[in-house]
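Chain letters run A, B, ... following the sequence lines, proteins first, then strands; residues in each count from 1.
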Amino acid sequence: MFLTEQQTIETKIKTFCEANGILLAALEWKPLPFNGEWGISTSFFATAAAESRLGKNIVVAKRAQEIAEQIKGQLGAEGFSRIEAVRGYLNLYFDTHKYSRRVVDTVLEQQGRFGSGPATGQQVMIEFSHPNTHKAFHVGHLRGTILGDSICRILDFAGYEVVRANYPGDMGLHVIKWLWGYLKYHNGEEPSADITKWMGEVYAEASKRLEENPDLETEVRGVYARWDQRDPEIVTLWERTREWSLEGFRQMYTALDVRFDVYYFNSQEEKPGKEIVDELIRSGIASDDRAQGGAVIVKIDEFLGLDKEQFRTAVVLRSDGTALYATEDLALTLHKFHDYPDLAKSLYLVDVRQSLHFTQVFKILEIAGHAEAQKCGHISYELVTLPGNVVMSSREGTVVLLEDLLREATSRARAEAQKKNPALTETQLESVAKAVGLGALKYPILARENTKMVTFDWQTALDFNGQAAPYIQYAHVRCNSILKKAQGDPQTLNFHRSPYEYELNPAEVQLIDMLSRFPDEVQRAAAEYKPLIIASIAYDIAKAFAGFYDACPVVQAEPRIRAARLRIVAATKQTLANSLALLGITAPEVM
RNA sequence: GCCCCUGUAGCUCAACGGAUAGAGCACCUGCCUUCUAAGCAGUAGGUUGUGGGUUCGAAUCCCGCCAGGGGCGCCA
């Protein structure tokens with residue numbers, strides 16, 4: 001924001017040092033740790049350290065301070081409100097009023113685009129969620145879905161062209177098992193209102209019965225054989241029941257406010273996958289051990305001549321010639337580039353257990369001469385477990401179902417809203433319950449490092465206080481209340497730029513500081529695929545606003561202060577809304 | 001055996017190699033006749049698992065060790 005001033009100063013420092021025989025190390029400018037005033041700073045530790053290495057008898061910290069003081073003595077404060085030399089740092093302070101005004105004006109000019117980055121012209125595909133049809137959708141799946149959605153929103157806002165891809169597992173042993181269980185115990189039944197839940201129950205029952213009576217496995221294998229021969233009854237049933245699941249997913253994604261641009265299905269990658277494997281065999285990359293009762297494998301380390309185990313050996317086709325996940329992933333990877341030839345990156349958001357799998361798939365394709373593979377990457381995240389480190393499993397029934405969680409969160413939010421604000425109409429209650437319930441659910445997942453495990457417990461998931469989405473949403477609502485109250489006031493209606501000539505309260509300076517950080521945080525979050533960064537800044541803004549709200553009357557303030565503060569409130573509301581949007585959380589007007 | 005992740009306040013977690021390591025929860029003390037108390041202010045809480053190294057400067061980077069979790073030929 002003050003780049004010109006910074007460059008002028010930098011030139012002066014260089015000139016001074018040259019004239020005085022100081023061998024200046026490269027200058028790095030950083031924002032001052034904010035303490036009520038904004039500014040930038042640089043330090044002279046590197047310069048002093050270099051002198052020390054040349055044999056001069058100096059104490060680095062002391063010498064750095066000495067240089068800082070000398071330079072300070074040479075500089076006029078033009079463009080800055082003041083300059084200080086302290087502990088080896090040279091601190092340049094901005095004029096607080098000017099800076100505040102620049103920040104608030106920028107937000108209000110850019111509105112919904114405040115914080116967004118310039119178009120990069122790069123297209124990026126993110127594959128996420130990939131639920132299994134014929135199974136339940138539980139809280140374990142929620143993390144990948146919520147995380148993927150937020151990463152897409154962030155990348156889009158940061159300037160990328162994002163393609164959201166989903167890859168449901170619509171065929172495999174689990175589906176065969178389901179079909180068997182349906183035919184045997186539920187033939188002719190239609191799904192209930194909670195489609196996915198019902199699908200999951202049928203699956204869990206099939207698993208349980210098989211466990212109780214392993215002899216039934218032969219029947220399941222029979223169904224698999226019929227599928228393999230494309231028995232019309234099985235194929236039709238598969239198509240029909242698969243559609244039930246997909247419809248269930250659509251409903252769930254709508255409820256979660258998550259959307260996709262393109263769907264791939266593993267049933268479609270089976271054939272092309274086998275073709276790629278044939279190609280790998282022909283080119284000598286894969287070895288076909290099927291004649292000896294083995295599978296088709298790629299000894300990647302051996303192929304690359306590595307001594308140490310790194311990529312290891314990958315199985316790309318079962319010994320009976322049927323496709324594995326790896327078979328299909330080989331095809332899918334290329335399929336994506338066929339559909340979107342301009343992809344700069346093709347990313348897979350999948351839990352950490354599959355890291356090796358993806359490095360193998362990409363490496364094999366690279367070896368086979370597919371350069372696109374180098375644009376592929378795996379973004380991994382840790383699991384959501386239940387207390388006691390229990391992994392959620394549909395088969396074992398150790399799951400918290402999304403439907404149940406959503407219902408519980410919404411009804412709790414509704415009860416809370418009714419208690420806190422009895423004036424809400426039925427329609428408002430409805431939407432507040434949805435916004436708050438869903439937000440409360442998403443926030444704790446997003447506000448955590450991707451690589452850290454989440455232990456699900458109902459209490460945390462439904463906690464509406466403290467560092468949580470409702471706190472941020474509430475700040476947004478309070479902004480709205482103030483703005484509403486001020487309607488009709490001429491000073492407000494024509495929101496003209498306020499000069500900020502009064503002495504700014506520390507709380508409002510603090511708040512403006514948080515707003516000013518938002519754009520950089522968006523870029524960081526995009527570069528690292530970390531919604532956590534947005535979750536943090538959103539909370540920090542809300543917290544700063546709460547302090548402002550408490551310390552700074554707006555509507556009651558004298559006219560010129562009132563006008564300026566109204567603009568600050570409007571800018572805060574906007575920035576909160578922008579940041580919540582990146583998390584896929586609704587910013588309500590009332591609650 | 002090889003590889004990956006994690007270890008920070010009682011608990012759950014933050015902290016682009018920079019200045020005095022910060023929040024929330026829980027506990028304790030205050031604050032609603034005011035723009036919604038889903039809030040605010042205050043008290044208390046730390047040898048950043050451990051031992052070295054690099055650096056002017058390390059929770060952060062490198063190496064060793066300890067503890068927990070995960071992955072490693074036909075599950076997805």
[X] has an atom [atom1]; how far is it from atom [atom2] of [N], in whole Å?
X: A/Q467; N: B/rG22; atom1: CD; atom2: P; answer: 15 Å
X: A/N421; N: B/rC35; atom1: CG; atom2: P; answer: 14 Å
X: A/Y443; N: B/rA23; atom1: OH; atom2: P; answer: 14 Å
X: A/H141; N: B/rA76; atom1: NE2; atom2: P; answer: 14 Å
X: A/D288; N: B/rC74; atom1: CG; atom2: C1'; answer: 13 Å
X: A/D550; N: B/rC40; atom1: CG; atom2: P; answer: 8 Å
X: A/E382; N: B/rU12; atom1: CD; atom2: P; answer: 16 Å
X: A/M453; N: B/rC5; atom1: CE; atom2: P; answer: 14 Å

Which whole number of Å gives the distance between the [atom1] atom of [N] and that of [M]?
N: B/rU50; M: B/rA41; atom1: P; result: 33 Å
N: B/rG18; M: B/rC13; atom1: P; result: 24 Å
N: B/rU20; M: B/rA59; atom1: C1'; result: 15 Å
N: B/rA21; M: B/rC40; atom1: C1'; result: 24 Å
N: B/rG7; M: B/rA14; atom1: P; result: 8 Å
N: B/rG73; M: B/rU54; atom1: P; result: 41 Å
N: B/rG1; M: B/rA19; atom1: P; result: 40 Å
N: B/rG10; M: B/rC28; atom1: C1'; result: 15 Å

- Query: Should the pair A/F137 and A/H141 be assigned to parallel (<30°), tilted (30 to 60°) or perpendicular (>60°) ring geometry?
  - Reply: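 Rings of A/F137 and A/H141: tilted, as their planes differ by 30° to 60°.
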Answer yes or no: does a side-chain N or O of [X] lie under 4.0 Å from OP1 or OP2 of [N]?
X: A/R318; N: B/rC75; answer: yes
X: A/R565; N: B/rC35; answer: no
X: A/N465; N: B/rG39; answer: yes
X: A/R312; N: B/rC4; answer: no
X: A/Y471; N: B/rA23; answer: no
X: A/T451; N: B/rU6; answer: yes
X: A/K420; N: B/rA38; answer: yes
X: A/K543; N: B/rG22; answer: no

- A/K308 side-chain proximity, nearest of B/rA14, B/rC3, B/rA38: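 When the side chain of A/K308 is considered, B/rC3 is the closest of B/rA14, B/rC3, B/rA38.
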- Message: Counting distance alone, no hydrogens or angles: does the base of B/rC74 have a donor or acceptor under 3.5 Å from a partner atom on the side chain of A/S319?
- Response: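 Counting by modelled atom types and ignoring angles, a donor-acceptor contact under 3.5 Å is found here.
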- Does the base of B/rA76 carry an N or O that pairs as donor and acceptor with the side chain of A/Q354 under 3.5 Å?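 Flag set: donor-acceptor pair detected.
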- Item | nucleotides 15-20 of chain B: protein proximity per nucleotide (B base, S sugar-phosphate only, - neither; heavy atom, under 4.0 Å) | SB-BBS
Does this structure show an ion pair linking [X] with [Y], if we count only N-O contacts that are shorter than 4.0 Å?
X: A/R517; Y: A/D513; answer: yes
X: A/E382; Y: A/R448; answer: no
X: A/E589; Y: A/K573; answer: yes
X: A/E66; Y: A/K62; answer: no
X: A/E416; Y: A/R414; answer: no
X: A/R63; Y: A/E51; answer: yes

- A/F265 six-ring face occupied by A/R242 cation (under 6.0 Å, within 45°):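 Yes, A/R242 sits over the ring of A/F265.
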- Item | Residue closer to the 5' end of RNA chain B, A/E309 versus A/V454 (nearest nucleotide) |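 Nearest nucleotide further toward 5': that of A/E309.
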- Does A/K299 or A/P553 map to a spot on RNA chain B nearer the 5' end, using the closest nucleotide for each?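 Closer to the 5' end of RNA chain B: A/P553.
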- For RNA chain B, which consecutive runs of 3 or more Watson-Crick or G-U pairs (each distance under 3.5 Å) count as stems?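 When the pairs of RNA chain B are grouped into runs of at least three, the stems are B:1-7 with B:66-72, B:10-13 with B:22-25, B:28-31 with B:39-42, B:49-53 with B:61-65.
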- Message: Testing the 3.5 Å rule here: is there a donor-acceptor pair between the side chains of A/Q65 and A/Y89?
- Response: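 No.
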